[in-house]
Amino acid sequence: MTVTDATVSAEEPYRPSARRLAREAYRRQRARRSALIAAVSTGATALVLYLVIVNSPGWAVTRKTFFSLHFARQALPEVLKGLRVNLELMVVCGALILVFGLLLAVARTLRGPVFLPVRLLATAYVDFFLGLPMIICLLIMITGVPALRLTGVTTDPMVLGGAALVLTYSAYVSEVFRAGIQSVHPSQRAAARSLGLSNAQAMRYVVLPQAVRRVVPPLLNNLVSLQKDTGLVSIGGVIDAVYAAKIIAVQSFNYTPYLVAGLVFIVLTVPMTRFTDWITARMNRRQWQGGLV
């Protein structure tokens with residue numbers, strides 16, 4: 001091949017083969033067929049559910065009680081006003097939970113006999129709050145702490161409810177962090193120690209960055225759960241989105257406000273869930289391609 005022929009060949013655009021074009025066309029055809037089948041099956045399922053619901057004997061009363069447009073318009077502004085409390089709790093409690101949960105996880109992974117009391121205390125804390133129902137913890141904090149009449153201790157149900165959320169969710173998050181720390185191969189710590197790093201430096205600069213990066217998806221799932229559970233502080237009288245809906249429902253004997261509050265939480269939760277799925281898929285692709293987790 002001459003230099004001129006090589007230059008011409010290099011300048012020619014890439015042209016896929018006929019076999020590749022046929023394979024891509026077949027894949028597109030299969031994708032369109034799958035999408036059509038999924039759409040038809042979904043539409044048929046939705047139609048069947050709709051017919052079953054609207055033809056049920058109690059549908060007229062249910063529609064009036066749970067799907068009243070009048071009460072939905074009345075409840076929406078109050079629910080959105082109360083939602084601010086839920087968002088504040090989620091942001092503040094979420095930050096505290098991450099810090100406290102990480103400290104618990106590190107405490108449970110400390111090595112050496114001198115740290116045995118710390119490990120035992122951290123383990124006892126995690127075991128206790130993993131087994132204690134959230135609603136019980138909230139009731140104890142909101143009603144029990146004010147009953148002690150401790151000087152300088154707040155009786156604000158919002159603060160006490162937020163403290164209960166932090167206490168409970170820190171136990172869950174600490175287990176997530178601990179799983180991430182234990183997933184880092186011991187050779188990473190050994191390599192850090194061989195370079196002259198202390199145990200604390202190896203944990204801070206080598207182990208924790210890898211561990212935190214690996215547990216981002218489950219941490220986001222815990223944040224989604226926290227966002228929903230902030231509504232439980234309403235049992236202490238905090239006027240959040242749930243309690244605002246309850247006030248209108250009690251006054252009107254109509255439960256549409258509860259449905260409005262539920263839909264508002266769903267609107268907040270779905271984007272966070274989809275973001276979590278995207279992060280998980282992205283990390284999986286990078287791992288399959290040999291990139292950093």
Side-chain angles (χ1 to χ4, degrees), residues 1-55 90 94 98 101-102 105 172-173 175-192 194-195 202 205-228 262-293:
M1 179 182 294
T2 63
V3 176
T4 303
D5 294 336
T7 303
V8 173
S9 299
E11 293 177 353
E12 289 182 356
Y14 168 73
R15 295 179 180 179
S17 63
R19 178 175 296 180
R20 179 170 182 176
L21 292 175
R23 185 165 56 247
E24 291 178 352
Y26 175 74
R27 290 175 178 173
R28 288 194 296 269
Q29 182 182 1
R30 288 291 301 272
R32 288 193 296 267
R33 179 173 176 270
S34 299
L36 180 60
I37 294 174
V40 171
S41 63
T42 303
T45 303
L47 179 61
V48 171
L49 290 175
Y50 172 77
L51 293 176
V52 170
I53 293 174
V54 300
N55 291 316
M90 182 184 69
L98 289 176
L102 182 58
Y172 291 99
V173 171
E175 289 296 274
V176 174
F177 277 127
R178 188 166 71 97
I181 292 173
Q182 292 179 342
S183 69
V184 178
H185 198 275
S187 62
Q188 298 288 318
R189 191 190 298 263
S194 67
L195 293 175
Y205 296 111
V206 178
V207 178
L208 284 182
Q210 298 182 64
V212 172
R213 189 163 54 241
R214 294 180 181 183
V215 298
V216 167
L219 287 178
L220 291 175
N221 283 326
N222 280 318
L223 183 61
V224 171
S225 298
L226 174 66
Q227 186 267 324
K228 295 182 295 182
L263 291 175
V264 168
F265 277 101
I266 290 174
V267 169
L268 287 176
T269 302
V270 169
M272 296 173 62
T273 306
R274 297 285 75 81
F275 177 70
T276 302
D277 292 342
W278 178 79
I279 288 291
T280 304
R282 179 172 177 268
M283 295 179 67
N284 289 337
R285 286 196 302 268
R286 294 182 64 182
Q287 185 175 6
W288 293 336
Q289 293 171 0
L292 294 175
V293 179

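From a predicted model like this one, the values you see are computed outputs, not experimental measurements.
Between Val173 and Gly101, the closest heavy-atom pair is CG1-CA, 4.3 Å. Residues Leu51 and Asn55 share a closest heavy-atom pair of O-ND2, 2.8 Å. Contact record, Pro217 with Thr276: O-CG2, 3.6 Å, taken as the closest heavy-atom pair. Residues Phe177 and Leu98 share a closest heavy-atom pair of CE1-O, 3.6 Å.
Checked against side-chain hydrogen bond (donor to acceptor under 3.5 Å, both in side chains), Gln227 has the following partners two or more places apart in sequence or in another chain: Thr269. Residues satisfying the side-chain hydrogen bond (donor to acceptor under 3.5 Å, both in side chains) criterion with Arg30, sequence neighbours excluded, are Tyr26.
Under the salt bridge (charged side-chain N to carboxylate O under 4.0 Å, His left out) criterion, the residue pairs touching residues 177-188 are Glu175-Arg178, with sequence neighbours excluded. Applying the salt bridge (charged side-chain N to carboxylate O under 4.0 Å, His left out) test to pairs two or more places apart or on separate chains, those with a residue in residues 262-274 are Arg274-Asp277. Screening residues 33-53 for side chain to side chain donor-acceptor pair (under 3.5 Å), with sequence neighbours left out, gives no hits.
Contact of the Asn221 side chain with the Val176 side chain is not registered, since no non-hydrogen atoms from C-beta on lie closer than 4.5 Å.
To the nearest 0.5 Å, atoms CG (Leu223) and CZ (Phe275) are separated by 10.5 Å. To the nearest 0.5 Å, atom OG of residue Ser225 and atom CE of residue Met272 are 9.0 Å apart. Distance check, rounded to the nearest 0.5 Å: CG of Leu268 to NZ of Lys228 gives 12.0 Å.
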List, one per line, each side-chain donor-acceptor pair under 3.5 Å for residues 182-190, sequence neighbours excluded.
| residue | atom | partner | partner atom | Å |
| --- | --- | --- | --- | --- |
| Ser183 | OG | Gly180 | O | 2.6 |
| Ser183 | OG | Arg214 | NH1 | 3.2 |
| His185 | ND1 | Ser187 | N | 3.0 |
| His185 | ND1 | Ser187 | OG | 2.9 |
| Gln188 | OE1 | Gln210 | NE2 | 3.1 |

Stepwise side chain to side chain contact (heavy atoms under 4.5 Å, CB included) test for Val224 and Leu220: CA-CA 6 Å; Val224 171; Leu220 291 175; 5.7 Å; no

